[in-house]
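To find a chain, count down the sequence lines: A is the first, B the second, and so on, and within it residues start at 1.
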Protein chains: 2
Amino acid sequence: MADSKLDALLERFGRKDRLALARLITRVENRSAEVSEVMERIYSKTGHAYVIGVTGAPGAGKSTLVNQLVVKYRAQNKLVAVLAIDPSSPFSGGAVLGDRVRMTDHYRDMGVYIRSLSTRGHHGGLSRAAREIVKLLDAFGHDIIIIETVGVGQTELSVMDLADTTVVVTVPEGGDGVQVMKAGLNEIADLFVVNKADRDGADRIKAELELSVHLRPAVGWRPLVLMTQASNDIGIDALVLAIGRHADYQREHHDPARDLERRTREFVEVLTSQLEERTERALKNGAGSAQHVLGEVRTGTLNPYSAARRIIEDHAAISRLLQEGGPRPVRD
Amino acid sequence: MADSKLDALLERFGRKDRLALARLITRVENRSAEVSEVMERIYSKTGHAYVIGVTGAPGAGKSTLVNQLVVKYRAQNKLVAVLAIDPSSPFSGGAVLGDRVRMTDHYRDMGVYIRSLSTRGHHGGLSRAAREIVKLLDAFGHDIIIIETVGVGQTELSVMDLADTTVVVTVPEGGDGVQVMKAGLNEIADLFVVNKADRDGADRIKAELELSVHLRPAVGWRPLVLMTQASNDIGIDALVLAIGRHADYQREHHDPARDLERRTREFVEVLTSQLEERTERALKNGAGSAQHVLGEVRTGTLNPYSAARRIIEDHAAISRLLQEGGPRPVRD
């Protein structure tokens, strides 16, 4: 299956060639057929990085906070990667700008790798792409991977499953949006940050968040609520320490059963998404083996559910379809 | 495959038994293994209903607007169904309340069917469940199906693909959240509604929206911008007329090629999601045939990508796995 082009790319990736990293990430974004082979071949190098998720309402100052975290971890000589998940909308212009700000701070620094992942067109596949990009960043040798996403919607939140520590950023004032997000985000937060803490109402929201924490069942880690002013570098050191405390807590309370569970879940996700992608690819490529059934579906003479069953229950048909959708020679 | 219990349920569904409808919707929500058979057996009865999507910022008054639409369509003696997609969070208490309000208005009216679908735990599967519930509501004989969802996030927005007409509700004031949504929602709107139009800034936002419409390429339907005060029944009749105009436009500009495209897309979605669900079910049930591979994955001796390839490329293994995940006798 391996083709020389991919071999060369992976070899350069192994030599810490950032351009090769960028190319491989692009392949993951485009769901190229080689992704699973790439993952097979880098997988053994993963498991080193610590993944920090930063999410919250738009305008909460997430990008500035992430910038400051990068500075702190770079001061500790850690290799840092930032994966910014942009809502795919005219509004993401803002996020792009945010990236540029980060770039001007860090682009000379080879110890920081920054990448945006648009949510556009991924549908269910966003968390899949994000998971695989994180694996690439991990295998590349980054110590810290920061995933930044706007805390709206199931898809966007599902990305936070990838984080070892999830930081939910909120601000004193904030309309409906923020409230919806607080609601959804409460459940996934390991740490709360009240940013722009110099503004009115900071203490009130801090108290609210602490109450919500204390209303939780008293088992496991209890989220901390921190105050920051990211733009003035106030409270960031404390945040870094809190992230470290959460990491220590997880190490100390490490539960092997959860590893089994996590590995099983990942396997199910990988297997099902590969079935999905191979099928989509095969059907896009004309679906040689499913041609006839597809034709009946297109003309409306066969309903999609009967058509699906006809293919799935025909062992030969489904096997052929999955092979047709398998990896092909790389085109660059 | 058919079991007598399912037969009886479908028979009652055919006799317009609302309890049978509710039971079948619950099976779709729980992704029970019979869903695809149910769909096969009702599919020929679908295609009659007109589907209206109503989305927008939280607090835009969507539920009130939907209530008023229900009243108008009931006055035309149409059978109406409402599918309310709730964000799965403490906040959805709001939506539940919204439902209760609707219920008190309509629960005596057998011409209105109202159902909430929680987004919790669906991940990529929310739009799948929504699509199949809409098919059930359609096959049951509803003339109008209104899907109401909060316009946040990719998953939530993807549900709007099901609508023949998508109505985006916005309000004069509104913070970040609303802007993000407007951004994402602009692209899917067939009609804009500025609700609570008695408030300051209504004309401004109407002008903004009309500008955004005129910035679009001048092909196809041009979204209209309407002003409403749903709570005072102002502008609702005009909205109903506008929805009718959009329906007429689609009929007049009907494009057979798009039917082919739509059917193909639906088939790909159905086929891939069935592969996914059968695999998940098989692995949950112990995955007899994949037992050995699964064991290696759980202990970490085999990476999930190699494991997936090993199963997919073994025709016998993948076929067995898909059969193991197939429909089973119904348990109620």
So which part of L275(A) gets closer than 4.5 Å to some heavy atom of chain B, the side chain, the backbone, both or neither?
both

Could you tell me which of V268(A), I312(A), T264(A) has the largest number of non-hydrogen atom pairs under 4.5 Å with chain B?
I312(A)

For the interface with chain B, which of P304(A), P256(A), S44(A) has the highest count of heavy-atom pairs at distances below 4.5 Å?
P304(A)

Side chain from CB out, backbone as N, CA, C, O: work out which of these in T299(B) comes under 4.5 Å of a heavy atom of chain A, or both, or neither.
backbone

Under 3.5 Å, is there a donor-acceptor pair between the T55(A) and E148(A) side chains?
no

Residues which pass side-chain contact (heavy atoms from CB on, under 4.5 Å) with S306(B), listed by chain and number, not counting sequence neighbours:
E40(A), L302(B), N303(B)

Given that the side chain runs from C-beta out, which part of L322(B) has a heavy atom under 4.5 Å from chain A: side chain, backbone, both or neither?
side chain

At a heavy-atom distance under 4.5 Å, which candidate from M39(A), E261(A), R263(A) has the highest pair count against chain B?
R263(A)

For S319(B) and S319(A) the tightest heavy-atom approach is OG-OG, 3.7 Å

Tell me, do V171(A) and R199(A) make a side-chain contact under 4.5 Å, heavy atoms counted?
no

Results of side chain to side chain donor-acceptor pair (under 3.5 Å) for T46(B) - residues two or more places apart only:
none

Select one option (side chain, backbone, both, neither) describing which atoms of I311(B) are under 4.5 Å from chain A's heavy atoms.
side chain

Identify which of E277(B), E276(B), E269(B) forms the greatest number of heavy-atom pairs closer than 4.5 Å to chain A.
E276(B)

What residue in L271(A), T279(A), V35(A) has the most heavy-atom pairs under 4.5 Å with chain B?
L271(A)

Toward chain A, the part of I318(B) with a non-hydrogen atom under 4.5 Å:
side chain

Under a 3.5 Å cutoff, is there a donor and acceptor pairing between the side chains of E132(B) and Y305(A)?
yes

For R258(A), I'd like to know if atom CZ has over 12 heavy atoms of other residues, nucleotides or ligands within 6.0 Å.
no

